[in-house]
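Below is one structure; the comments refer to it alone.
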Amino acid sequence: MDIEQIRDYCLSLPLVTEDMAFGEEYLLFRLHGKIFACCGLRRPDYLAVKCDPEYALDLRDRYAEIEPAWHWNKKYWNQVSISGSLPDGFVRSLLRHSYSEIVRKLPRRFRVDHPEIETVS
């Protein structure tokens, strides 16, 4: 996947917004104000995604293209090389997992008001 495909995919998820709150070098994708993915525009071959802590460690052990995300909480964030050998479908599954991690922590009222966010898995 390239950065445009990642952007298109992220924006296809329910209620996702994008911004550049960290400056023109980083494109952030958010759900209800919470970041779930970050693309570096100067290094477009890497993507940072939020992850369940145990799953994050498992992914790092299994894939050379996945490592702790630089400048992010290493417990929850992985950096994924999208120029490596990871299939596009797998990268999309990492983005869905990251999105789902945000959904799980949203207030119940928000989830009830927006049932479409619960269907992403």
Side-chain angles (χ1 to χ4, degrees):
M1 286 185 93
D2 63 29
I3 194 165
E4 285 299 320
Q5 292 169 313
I6 289 169
R7 180 179 181 267
D8 289 344
Y9 183 73
C10 287
L11 292 175
S12 76
L13 298 171
L15 304 176
V16 169
T17 60
E18 66 179 336
D19 64 69
M20 299 177 105
F22 298 157
E24 294 181 8
E25 294 181 29
Y26 299 98
L27 182 58
L28 306 172
F29 299 97
R30 299 176 189 254
L31 172 62
H32 195 56
K34 307 291 184 190
I35 299 169
F36 72 92
C38 174
C39 294
L41 300 179
R42 291 194 189 240
R43 292 185 64 201
D45 51 339
Y46 287 96
L47 168 69
V49 292
K50 192 163 190 173
C51 200
D52 170 79
E54 289 182 28
Y55 187 47
L57 294 173
D58 181 48
L59 290 169
R60 294 171 197 166
D61 287 343
R62 292 179 22 206
Y63 301 97
E65 296 90 351
I66 300 176
E67 56 192 14
W70 190 60
H71 281 307
W72 295 86
N73 184 326
K74 314 267 186 282
K75 180 177 179 180
Y76 298 102
W77 288 85
N78 278 340
Q79 178 173 291
V80 180
S81 171
I82 56 173
S83 61
S85 61
L86 297 176
D88 291 356
F90 182 67
V91 174
R92 282 190 294 274
S93 76
L94 294 174
L95 289 165
R96 281 191 309 275
H97 173 76
S98 184
Y99 179 91
S100 296
E101 286 296 293
I102 298 300
V103 169
R104 282 187 328 107
K105 296 177 181 172
L106 289 174
R108 177 173 157 62
R109 183 80 228 153
F110 184 83
R111 288 182 282 140
V112 168
D113 289 346
H114 301 282
E116 67 273 28
I117 65 175
E118 298 282 358
T119 61
V120 176
S121 58

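Between Y26 and F22, the two ring planes are perpendicular [angle over 60°; tilted spans 30° to 60°].
Taking CZ of R111 as the reference point, atom CZ of R104 lies at 9.5 Å (rounded to 0.5 Å). Once rounded to the nearest 0.5 Å, the distance linking CD1 of I82 with CD of Q5 reads 8.5 Å. Once rounded to the nearest 0.5 Å, the distance linking CD of E65 with CZ of R62 reads 12.0 Å. The distance from atom CG of L11 to atom CG of L15, rounded to the nearest 0.5 Å, is 12.0 Å.
In terms of hydrophobic clustering, with Ile, Leu, Val, Met, Phe, Trp and Tyr side chains grouped at heavy-atom distances under 4.5 Å, L59 and V49 are assigned to a common cluster.
Within a 6.0 Å radius of CD in E116, more than 12 heavy atoms belonging to other residues, nucleotides or ligands are found.
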(message) Applying side-chain contact (heavy atoms from CB on, under 4.5 Å) to I6 and C39, what does each step give before you reach the verdict?
(response) CA-CA 9 Å; I6 289 169; C39 294; 3.8 Å; yes
(request) Go through I66 and L94 one step at a time and tell me if the side-chain contact (heavy atoms from CB on, under 4.5 Å) criterion holds. (result) CA-CA 11 Å; I66 300 176; L94 294 174; 4.1 Å; yes
(request) Go through K50 and I35 one step at a time and tell me if the side-chain contact (heavy atoms from CB on, under 4.5 Å) criterion holds. (result) CA-CA 8 Å; K50 192 163 190 173; I35 299 169; over 6 Å; no
(message) Determine whether Q79 and L47 satisfy the following criterion, side-chain contact (heavy atoms from CB on, under 4.5 Å), listing intermediate values before the conclusion.
(response) CA-CA 6 Å; Q79 178 173 291; L47 168 69; over 6 Å; no
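A salt bridge is defined here as a Lys NZ or Arg NE, NH1 or NH2 lying under 4.0 Å from an Asp or Glu carboxylate O, and R7 with E18 meets this definition. Using a cut-off of 4.0 Å between Lys/Arg side-chain N and Asp/Glu carboxylate O, R42 and E25 are scored as salt-bridged.
S98 contributes a side-chain N or O that, together with a main-chain N or O of F36, makes up a donor-acceptor pair within less than 3.5 Å. Of the possible donor and acceptor atoms, one in the side chain of D88 sits under 3.5 Å from a partner among the backbone N and O of M1. A donor-acceptor pair under 3.5 Å is formed between the side chain of K74 and the backbone N or O of A69. Looking only at distances, a side-chain donor or acceptor of H97 sits under 3.5 Å from a matching main-chain atom of D52.
Between F29 and Y99, the distance from one ring center to the other does not fall under 6.0 angstrom.
Counting heavy atoms from C-beta on, the side chains of E101 and C51 never come closer than 4.5 Å. For the pair Y63 and S85, the minimum side-chain heavy-atom distance is 4.5 Å or more. Side-chain contact between I117 and L31 is present, with at least one heavy-atom pair separated by less than 4.5 Å.
Across all non-hydrogen atoms, the minimal contact from P14 to V120 is CD-CG2, 3.5 Å. What you find for R30 and L28 is that their closest heavy atoms are NH2-CD1, 3.6 Å.
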